[in-house]
Enquirer: 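Let me give you the structure first, and then I'll get to my questions.
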Amino acid sequence: RHPLATFFHLFFRVSAIVTYLFCDWFSNSFVACFVTILLLLSFDFWSVKNVTGRLLVGLRWWNQIDEDGKSHWMFEAKRVPTLAASTEAEARIFWLGLIICPVIWTMFFFSTLFSLKLKWLALVIAGISLQAANLYGYIHCKLGGQKTNSRVTSRLLGPADVPKRQSRRISEDGTEEHGKTGTR
């Protein structure tokens, strides 16, 4: 149903990885390679967060800061009664791309660290950070307001990082929002 969104979901991710692997073959300029890969990672982060997540799996997340300066993370899941076969395939592509790419960037981190190519370390950390942020946000969207999510989060992050309350809202267009409020 959304072939263009599926294409761009994978295009920026794969392009950043391929450019990272083969950039030295095409250019001797470290700065040009660094900027190109960082732009591809940024385009990927933006497109996944704002476009492909909504279209392919009906999920989105964002952060709001209220007038008191407190950060509120909002997670939204659109209710879809049944998924068509093409939508299930797109959802699988979405989740596979979302999970596999941070793993690849983590492997790049260790190979960069052990081969002592430390000038690339900042770029690899940026890749891990951007990809992991989207993964984290969409996992929270998927798990939403389930009580097990709070227990898992409290075990992993400790009591200081667990949000104080969870709100759940269903808007008029059939979307369900899970807002976690609290400060970090």
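Values reported hereafter were calculated over all heavy atoms of this structure, with side chains retained and with hydrogens, waters and symmetry mates removed.
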Enquirer: Using every non-hydrogen atom in the two residues, find where Thr112 and Ser115 come nearest and quote the distance to one decimal.
Expert: O-OG, 3.4 Å
Enquirer: Rounded at 0.5 Å granularity, tell me how far CD in Gln64 sits from NE2 in His72.
Expert: 8.0 Å
Enquirer: In terms of relative ring orientation, are Phe7 and Phe11 parallel, tilted or perpendicular, with 30° and 60° separating the classes?
Expert: parallel
Enquirer: Strictly distance-based, threshold 3.5 Å: is any side-chain N or O of Arg13 a donor or acceptor partner for the main-chain N or O of Cys101?
Expert: no
Enquirer: Give a yes or no answer on whether the side chain of Asp68 reaches the backbone of Lys70 with a donor-acceptor pair at less than 3.5 Å.
Expert: no
Enquirer: Are Trp46 and Met74 connected in a single hydrophobic cluster, I mean Ile/Leu/Val/Met/Phe/Trp/Tyr linked by side-chain heavy atoms less than 4.5 Å apart?
Expert: no
Enquirer: Write down the atom of Phe30, the atom of Lys119, and the distance for their closest heavy-atom approach.
Expert: CZ-O, 3.3 Å
Enquirer: Measure across His2 and Glu90 and return the closest heavy-atom pair with its distance rounded to 0.1 Å.
Expert: N-OE2, 2.7 Å
Enquirer: Please check if Phe34 and Leu116 belong to a single hydrophobic cluster, counting links between Ile, Leu, Val, Met, Phe, Trp and Tyr side chain heavy atoms closer than 4.5 Å.
Expert: no
Enquirer: To check you understand the geometry: which heavy-atom pair defines the closest contact between Leu41 and Gly127, and what is its length?
Expert: CD1-CA, 3.6 Å
Enquirer: Determine whether Phe109 and Leu121 make a side-chain contact, defined as any pair of heavy atoms from C-beta on separated by less than 4.5 Å.
Expert: yes
Enquirer: Could you check whether any side-chain N or O of Ser27 sits under 3.5 Å from a backbone N or O of Asp24, counting only pairs where one atom can act as donor and the other as acceptor?
Expert: no
Enquirer: In terms of relative ring orientation, are Trp105 and Phe108 parallel, tilted or perpendicular, with 30° and 60° separating the classes?
Expert: perpendicular
Enquirer: Should Ile37 and Trp120 count as side-chain neighbours, where that means a heavy-atom distance under 4.5 Å?
Expert: yes
Enquirer: Do Val103 and Val14 belong together in a cluster built from hydrophobic side chains that touch within less than 4.5 Å?
Expert: no
Enquirer: Ignoring hydrogens and geometry, is there a side-chain-to-backbone donor-acceptor pair from Tyr138 to Phe94 under 3.5 Å?
Expert: no
Enquirer: Same cluster or not: Phe110 versus Ile17, using hydrophobic residues (I, L, V, M, F, W, Y) connected whenever any side-chain heavy atoms lie under 4.5 Å apart?
Expert: yes
Enquirer: Quick check for you: to the nearest 0.5 Å, what is the distance between Asn134 atom CG and Leu98 atom CG?
Expert: 6.0 Å
Enquirer: Val57 versus Lys142: any side-chain heavy-atom pair under 4.5 Å?
Expert: no
Enquirer: Quick check: do Tyr20 and Val124 have side-chain heavy atoms less than 4.5 Å from each other?
Expert: yes
